[in-house]
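Numbered from 1 within each chain, the chains take letters A, B, ... in sequence-line order.
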Amino acid sequence: MTSSDGDLIANELPKHYVPGEVEPRWLERWLDSGSYHSTPDPDKRPFTIVIPPPNVTGILHMGHALNNTLQDILIRHARMRGLEAMWMPGTDHAGIATQNVVERSLADAGLHRDAIGREKFVEKVWAWKEKYGSTIVNQLKRLGCSCDWERERFTMDQGLSRAVREVFVRLYQDGLIYRGRRLINWCVRCHTALADDEIEHVEKHSQLWHIRYPLKKSDKGGQRFLTVATTRPETMLGDTALAVHPDDPRYTELQGATAILPVIGREIPVIADTMVDPTFGSGVVKITPAHDPNDFEAGIRHDLERITVIGPDGTMTEMAGKYAGLDRFRCREKLVEELQDTGLLEKVEDHDNAVGQCYRCDSVIEPYLSEQWFVSMRPLAERAIAATREGALKFVPARWEKVYLAWLENVRDWCISRQIWWGHRIPVWYCAACGEMTVAIDTPTACQKCSSPNLTQDPDVLDTWFSSALWPFSTLGWPESTPELSYYYPTAILVTARDIIYFWVARMVMMGLHFMNEVPFGEVYINGTILDENGARMSKSRENGIDPVVMIQGGTQRRFGKDFNYEVYGADAVRYTLCSLTTDGQDIKLAPTRFDMGRNFINKMWNASRFVMIRISSLSLETGSLERENLSFTNRWILSRLAVVIDESSQQLASYRFHEYVKTLYEFAWGDFCDWYLELVKPELNPDSPDAPVTARVLAWVLDQLLRLLHPVTPFFTEEVWSLLAKAAPRRGLAELENPAPLLIRAAWPLDAEKWRDPKVEDDMSRAMNAIRAIRAIRAKFNLPPKSRLSVTVSTASRDYAESLEHLAGIITALAGLEDMLIGVNTPKPSQAASGVMDGMQVYVPLAALMDVEVEKIRITKDLAKKEDAITALNRKLSNFEFLSKAPQNIQDREIARKDEINRQIQELKELRDSLNN
RNA sequence: GGUCGCUUAGCGCAGUCGGUAGCGCACUACACUCACAUUGUAGGGGUCACUGGUUCGAGUCCAGUAGCGACCACCA
C-alpha cells in the first residue's frame, strides 16, 4: 500500500459519525445473515432470555428502550462468549387494552361493538392487529435488538392458544381452577371483572356520611335510631343488616333488634360481629353483602341476603327502588339530599380514603357479585415461595425479593374470567339439556354426561396475564416436547420492570413450577423506571415523554407545550446513554440532552478509529509472533491496560453492573487509548519509523479488542468499524495473524489477556503522566505558548526513581512539548524556574526571564497550605495510641510513608518559596 | 397503618472490603493545518440531609429524625 491509501480513507470517512446511514445498513445485514438466529446445539450451553412481550397496541417508549437495551447487551455478550444465545421475541394480545383501542376506533366511525356483534368485532381486532401489531416489533429491530425474530410469537397464535387451553384444563382437573359466585372487582366502563392487582388505589378526598337508621318501634329500650357512618351512602339501599361489636357496652341491649332501612323500608337485623371496630365512627356498621368484600364475608357468617343495587353498567338496579336507573354517583347525591330532607342525615365529615380504580381506564371500581372463574393461588404460591427461599430464583437488586415474597404470601384467589371479547375463550361448554359443564381442550361435539349436542361455550375470555404466565414455555412449543423446550428451558434471566412483578413474574414462576417442575429463570433483573428531567413519570397527559424513536432517527417532538427539533442521535447513542445511567435498578431522570453523552463518545471513538484506519492502511503489519519483551514501553503499557479492562468489564457485565461496564470502557477508550496511547504512537507510526510494523499491529489489535468489548452496548457503530478494520488489517492478532470473524456480532469475546499485564509498566506510566500533567499545568499558569519547546529539569527523591524516569524521557518529552529534559537525584532548582512538587519528584520549568514571581508564590503557598493540612491530620492519627495499637500494620506503614513523602514535599516547597523571596 | 428506595459539587449521578471524595454536564482560561471543536490542555467548585452510636478511623456499618419518591393495605 502507499501513503495515498491513508488519504483515500480520510476522504471517504466523514469527520462526524453518521448513525442514520450506518445503522439501517447493518440491521439489514444482521437479519439477512441469520446472525440473530439460534438453533439447539448440544455442543454449546444455551443462554435464553424471553422478552417481556410488549402489547400489540404498543409503541416503543423509553421504558421499553431501556429494558430491551439491557436484554440485548446480555444476549450479545452471551453470543460472543460462545453460548447458544437465544432471545425469544413476541407480543401480547393485551385483552382489555387492545379491545379498548379498537372500540375507540369504532366509536370514531360511530359504531359500538354490540352493534356489530362478537364475531365481527373479534375479526376487526385481528385486522387491527395485522395492520398495527408490527409497529413495536420494527421499532425494537431499529433499536438493535438481536432477538431471534424467526421465532416471534403472539400470545393468541395457534400454539400459544393450545397451551392456554391445556393449562386451563389441567388446572381444572387438579382442582386449582373453580367457578364461583363471588364479589369481584368490576369495571363499569370496561364491563368486565378484574383481578385484585389490576386495581389501583388512589387516595381521594371524600366524606363520611353519618346516617340514622330508625329502630323498629316494637323493640325495647328508649333508643329511636342507630347512627351509621359510611363512605358510600348509595350502597345502603342494599343493606341487609347493621352490625355492632359483641362487647360494645353501648349496644349490648340492641343486639338482635331490628332496624328499618331508610328510603327502602326493609327491616334489617342488628347483628354482633367482631369485624366492627368500636372506636371508628359510631361503632355501628351497615352491612351490604353484595357491595363490599368485608360485608360479603359477614353475610356468609350471618346468612344474610345479598341484594345487588348497582348494576354492571354503574346504574342503580330495580332493587334500588325509586333510584333505579340512576347513575351510582348521581344516586349518592340524590339520596344524601333525601336523607337531609327527612332528618336522617346526622352529619357529614371530611374523610380521605383510597378508591379503587381500573388500571386500564381509571374508572372507579365496583365490588360486584357475579359468577366468575378463579385460580386457587395458595398451593401454587407456596411452591413459588419455597423455590425462592431455596435460592432457585435470585432477584437483582436483591431487595425486590422481599416485595415479591410478600405478595405471594398474601395472595388471594385470582379471578381469571373477563367479560370482554378479545382474548382466549374459556374452554368450558354448558349443556342446554342437562346443565352439565364440559371442560375440554378441544371443542366438544356433545355433552359428556347426556351426549346432547346442544352445547354453548362460556362467553368469557381469560385474563391476559393467564397466557403471559405461560410465556417462558408456551413459546418453546409446550405442551409438545420439542427440542427447543428441553434445550432452552429454563431461561437464564428475566429482565423486566418492577410494575409487573406481581402481574407477570410471580405468575410465571408459579406456572413454570407447576407445569415444568422448574423455575422459568434463575435470575430476575428489575430495571429502574425512566422519569422526566423533573423526576415525574412520563405520560401523554403531562406531555413530558421522550420518544426513543425520535431520539434514534431525529425529528420533532412536542414537550411541555412546545415543539422541539432533535438531531439524529442514533440507536447506539441511545443505548449507550441508557446503559450508562443504569445503576442498581435506580430510577433514571432523563432529559433529551443526556443523549449527547452517547453521541459524543461514539463520535470520539469513530474519529479514533478513523485515525487508526488512515495510519495503518499505508503500513504493512509485522507478521511474526509478538512477545512482550520485544515491545516498546508504550505498547506494553496499552496491552497491560487492555488486559485489565477485559477482565474488569467482563466481570461487571457478568454481574449486571451496566453503568460500571460502560464506564470502564469509556475511561479506557477515551482516556488511555485516545488521550495517551494514540498521541504517543503517532511518531512510531511514521512509515519511516522502524517501529511502525509492530506498533501498527498492536494498534489494530487494541482497536479490535475494544470493538468487541463495546459491541454489546453499541452494536451498529462497532460493526461498522469492524468492517473497516477488516480492510485496513484483514489479518490481525498478537500471537499470530489470523482472520477474525467476518461479522463482529459473532466474533469471540476477549479473554485470556492475563499474560500482558505488567504492573511495573503501569506504575511507570502513571509517573510519566504525573510529570507531563505538572509541566502542562505550569505551562497554563504562566501562559507559555502551547507550541513553545521547553527545557525542564526533573529532580527525584531517589536514584531508583530517577532511573525509571530515564526510560520515560521520550514519552514526557513528546507529550509535554519539551526541547529537552534533565533528570537527576536531588538536583537544585535552576534560577527563574517555575516548579511542581509531586510524589517522589519535582519538575522545574525555566521561564525565559519573564517569570511572574507573584503568580508562582501564590501557587506555592496554596499548595503548601493543602499539604500542611494533610500533615496535621496525619500527625493526629499517627500520634493516637489507639491507632498505633489497633490499626492494621499495612495501614500504619502506608500512613507513615505518606507522612514522610508529604513532609519531603513541604520541605521542597518551603525552599522554593524562600528562593523566590531572595 | 406497613414496607422499600433516595438525600454526596450549580444540575444529573457514581462511590464493591470502613483507610487521601469521584464522573458527566455546566462554569473559567488557553488552543482550530497535523483522527476528532460532537475536540484538546489546564483550572475553580463539596460541613457526603440531620442527630446519636459502633470503631484507632464512617460518605460507607447501626439506631433515630426530617424531606422527597415508590409500593402494599377490606377499618365502614
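- When heavy atoms are screened at a 4.0 angstrom cut-off, A/Pro888 is found touching base atoms of the nucleic acid.
- Counting distance only, with no hydrogens placed and no angle test, the side-chain atoms of A/Gln586 and the base atoms of B/A14 include no donor-acceptor pair under 3.5 Å.
- Checked against side chain to side chain donor-acceptor pair (under 3.5 Å), A/Lys589 has no partners two or more places apart in sequence or in another chain.
- Partners of A/Lys877 by side chain to side chain donor-acceptor pair (under 3.5 Å), not counting sequence neighbours, listed by chain and number: A/Glu895.
- Across the protein-nucleic acid pair, A/Trp407 atom CH2 and B/C72 atom C1' stand 13 Å apart, rounded to whole Å.
- When each of B/A76, B/A42, B/G40 is scored by its nearest atom to the side-chain atoms of A/Val285, the top-ranked nucleotide is B/A76.
- Stem analysis of RNA chain B (Watson-Crick or G-U pairs, both distances under 3.5 Å, runs of at least three) returns B:1-7 with B:66-72, B:10-13 with B:22-25, B:27-31 with B:39-43, B:49-53 with B:61-65.
- Of the candidates B/C13, B/A76, B/C36, the closest approach to any side-chain atom of A/His351 belongs to B/A76.
- Regarding A/Asp273, its CG atom lies at a distance of 16 Å from the P atom of B/C75, rounded to whole Å.
- Spacing between atom CG of A/Leu208 and atom P of B/A76 amounts to 8 Å, rounded to whole angstrom units.
- Within 4.0 Å (heavy atoms only), A/Arg657 reaches at least one base atom of the nucleic acid.
- Straight-line distance from the CG atom of A/Asp248 to the P atom of B/C75: 21 Å, rounded to whole Å.
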